[in-house]
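One structure below.
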2 protein chains.
Amino acid sequence: MARDSTRPTSRDVARAAGVSQAAVSLVMGDKWRGRVSETTAERVRRAAHDLGYRPNLAARNLRLGRTRTVLLVVPALTTEFFAGVYTGAARVAAEHGFGVVLYPSPEGIGPARDPFASAQAALDGVIASSMAADALTAIRGDQLPLVMLDSDPAGSTGAATVNLDIADGIRQVADHLLALGHRRFLHLAADVGSWTFEVRARELAARLAAVPGSALRTAHAPLSIEGARSATEAALSGPGPRPTALVCDDDKLAAGAYKALRRLGLRVPEDVSVTGLDDLALATAIDPELTTVRLDAETFGERGMRALLDVLDGRVPSRDDIPVDLVVRGSTAPPPGD
Amino acid sequence: MARDSTRPTSRDVARAAGVSQAAVSLVMGDKWRGRVSETTAERVRRAAHDLGYRPNLAARNLRLGRTRTVLLVVPALTTEFFAGVYTGAARVAAEHGFGVVLYPSPEGIGPARDPFASAQAALDGVIASSMAADALTAIRGDQLPLVMLDSDPAGSTGAATVNLDIADGIRQVADHLLALGHRRFLHLAADVGSWTFEVRARELAARLAAVPGSALRTAHAPLSIEGARSATEAALSGPGPRPTALVCDDDKLAAGAYKALRRLGLRVPEDVSVTGLDDLALATAIDPELTTVRLDAETFGERGMRALLDVLDGRVPSRDDIPVDLVVRGSTAPPPGD
DNA sequence: ACGCATGAGTTATACGTAAAACGTCGGACG
DNA sequence: CGTCCGACGTTTTACGTATAACTCATGCGT
């Protein structure tokens with residue numbers, strides 16, 4: 001863990017390649033046609049790669065007086081709408097070599113802070129969700145202080161982790177449904193290769209394995225309402241006794257399940273009980289309101305940040321899972337004929 | 001529009017205050033107790049304020065080799081969940097003098113880009129939603145190239161604007177409902193002082209004013225499902241003939257209206273037709289699926305970015321409103337007894 | 001009268017990069 | 001034969017800041 005081994009500079013690369021710093025700058029900046037020979041350029045590129053050289057952005061920005069970065073100010077982060085706005089802007093920006101940074105105007109974040117204070121340069125550390133798996137390899141490239149959100153604590157990474165106690169949430173769901181009398185379960189699982197989702201499946205299976213006479217089937221669906229609808233419809237159209245309880249990996253999947261059940265002429269909760277996980281606004285927008293597990297996102301974010309500050313101070317963050325709560329609403333009831 | 005008049009540096013402040021650059025740095029950095037007299041410090045502060053001095057972050061970061069900025073990597077921006085994560089993290093970060101920058105892992109934004117490329121330093125320009133009104137004054141402080149999203153084009157600001165053609169969307173909604181035979185309308189208006197929402201009210205009133213025998217009432221609600229529910233319930237419990245069509249300022253308000261109607265024992269669309277605006281996932285999650293106006297958020301973002309690039313190149317962005325489309329689903333039908 | 005601490009500043013330097021200005025060396029051209 | 005030019009680099013400088021090291025009175029105890 002040589003965390004603070006100072007990063008290589010263009011001068012280090014120059015030394016390694018046996019050229020001047022200026023030559024490195026020319027090669028890295030792709031402005032060397034006619035100024036540096038192909039063989040030398042290749043030597044520089046190899047040295048840069050070997051050393052893991054990455055230009056210091058602060059220095060570059062200072063030198064150029066320009067950042068190719070743009071700020072997008074949005075009312076808040078809660079809307080899917082502005083997520084789309086960001087996506088579109090970022091695509092065009094990328095085409096022009098620009099980056100986009102988000103400034104969600106604060107909502108209870110102390111006094112009105114300078115909107116640019118949060119849009120400053122490079123990074124001291126990283127907080128990463130395990131769901132952003134694609135970005136993680138790149139993050140590993142730099143060895144920045146890292147905190148993982150909802151990642152396997154036993155993972156080989158050694159990074160600090162902060163987790164929601166999803167396993168306990170699933171136990172609470174299972175216990176609630178078992179207490180109502182349910183025995184035949186369908187697990188509507190998100191088709192995403194991420195630790196949080198694996199935990200759901202594992203814990204539900206474990207809990208039901210301890211109950212004689214219980215049955216568990218699983219249907220996989222992409223994380224969208226439409227995907228969940230069709231997966232649920234397919235699963236419930238199959239042969240065999242119909243499950244009486246539908247445990248969904250998150251609220252969005254549950255919304256899709258509602259639509260499938262409606263099409264099949266089944267009522268919630270009279271014919272089938274449904275549970276979600278997240279407790280988004282969506283959970284109370286659908287009818288009947290969804291029994292789900294409330295995840296305290298803000299606490300999650302706070303703990304993640306605190307853990308990162310610990311790492312930055314050389315402390316080892318205290319490992320503790322954030323508790324979650326079952327919220328019982330109108331989508332669960334005793335199974336039919338009970 | 002002296003846009004490119006180079007920003008003042010600490011040396012300029014020093015000159016104006018008649019001290020050395022180092023003194024300015026000490027005063028601005030709040031590390032002057034016992035190093036600079038109170039009177040001199042005050043003189044420096046006044047000079048800095050008069051010149052509109054703001055420290056160059058690139059230089060500061062380069063000097064300190066540290067940024068007090070942290071990156072939050074999230075799977076995408078679409079979830080309310082991660083919005084909460086951001087809020088929590090940003091609050092703690094602010095308490096510790098840190099900023100938070102978002103890196104939504106790209107979704108179809110070219111090849112897997114360096115996750116840090118989008119998290120670079122200061123700003124060449126700003127794209128701002130008119131809904132983030134609180135942040136705008138601060139933005140005005142720096143005179144960065146600015147593009148406004150959905151703001152009054154006749155605004156006194158003079159900034160470039162890119163707008164969705166919301167007025168036309170409302171016209172389409174009104175025409176659709178009028179064609180179905182509706183004459184008594186209730187406008188469920190968002191209680192937000194922002195141009196986009198003013199347009200909705202104005203345009204609906206204008207369209208209905210041209211139809212003899214039509215009636216329009218208005219109910220105001222905060223932008224939340226619960227707020228919309230109680231506002232709708234209150235409005236429909238009043239005296240007088242009940243409206244047969246409910247025009248909502250956005251989909252979320254429509255979801256709240258659904259709940260109110262359900263409580264009042266009214267069916268959608270048999271008793272009351274409902275329309276939304278946005279076309280979020282929520283619109284198809286509720287039952288019946290919502291007739292609404294689709295806003296193409298990505299195009300919106302793209303146009304905003306393109307306009308900013310125009311401004312940066314010294315060109316005047318072409319003014320054009322982005323068209324929107326009515327999406328007819330199951331929440332609208334002829335009024336009862338028609 | 002001398003040393004010494006303290007207040008109030010200033011001077012000088014380094015951070016890492018980009019690029020303008022400057023060599024050098026061989027060959028082509030008049 | 002002089003010289004001009006292109007290929008291939010190197011030396012140097014500037015970007016704006018933070019801070020360590022230095023200067024220089026002034027007051028004070030002995």
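Reminder, nothing fancy here: chain letters follow the sequence lines and each chain counts from 1.
- Spacing between atom CD of B:Glu42 and atom P of C:dA8 amounts to 15 Å, rounded to whole angstrom units.
- For A:Arg63, the listed nucleotide lying nearest its side chain is C:dT17; candidates were C:dT17, D:dT17, D:dT10.
- Dashed line: the shortest gap from a side-chain N or O of A:Ser25 to OP1 or OP2 of C:dA18 is under 4.0 Å.
- Both A:Ser10 and B:Ala41 sit near DNA chain C, but only B:Ala41 has its closest nucleotide nearer the 5' end.
- In this structure, the CD atom of B:Glu38 is 13 Å from the C1' atom of C:dA8, given to the nearest Å.
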(request) Under the side-chain contact (heavy atoms from CB on, under 4.5 Å) rule, what do B:Asn163 and B:Met148 come out as? Steps first, then yes or no, please. (result) CA-CA 8 Å; B:Asn163 288 350; B:Met148 296 290 302; over 6 Å; no
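- Checked against C:dA18, D:dT10, D:dT17, the side chain of A:Ala22 finds its nearest nucleotide in D:dT10.
- Counting to the nearest Å, the P atom of D:dG16 and the CE atom of B:Met28 are 16 Å from each other.
- For B:Ser20, taking side-chain heavy atoms from C-beta onward, the closest of the listed nucleotides C:dT17, C:dT11, D:dT19 is C:dT11.
- A:Ser37 places a side-chain N or O within donor-acceptor distance of the main-chain N or O of A:Thr40, the cut-off being under 3.5 Å.
- The interatomic distance linking A:Leu26 (CG) with D:dC8 (C1') rounds to 11 Å, in whole Å.
- Listed nucleotides D:dG9, D:dT17, C:dG9 differ in distance to A:Ser37; the shortest reach to its side chain belongs to D:dG9.
- Here the C1' atom of nucleotide C:dA8 and the NZ atom of B:Lys31 are 14 Å apart, to the nearest Å.
- In this entry the distance linking CG of B:Asp30 with C1' of D:dT19 reads 16 Å, nearest Å.
- With a 4.5 Å cut-off on side-chain heavy atoms, A:Thr9 and A:Gln21 do not count as touching.
- If you check every strand for non-hydrogen atoms under 4.0 Å, B:Val24 touches nothing.
- Atom-to-atom distance recorded for A:Arg43:CZ and A:Glu38:CD is 11.5 Å, nearest 0.5 angstrom.
- For B:Gln21, whose side chain is taken as the heavy atoms from C-beta onward, the closest listed nucleotide among C:dT10, D:dT19, D:dC15 is D:dT19.
- For A:Arg43 and D:dG9, the CZ to C1' distance is 11 Å, given to the nearest whole Å.
- Atoms CG (A:Leu51) and P (C:dG16) sit 14 Å apart, rounded to a whole Å.
- Place A:Val36 and A:Arg11 on DNA chain D by their nearest nucleotides, and A:Val36 ends up nearer the 5' end.
- The number of heavy-atom neighbours closer than 6.0 Å to CZ of A:Arg319, taken from other residues, nucleotides and ligands shown, is above 12.
- Between D:dC15 and B:Thr9, no contact under 4.0 Å exists linking OP1 or OP2 to a side-chain N or O.
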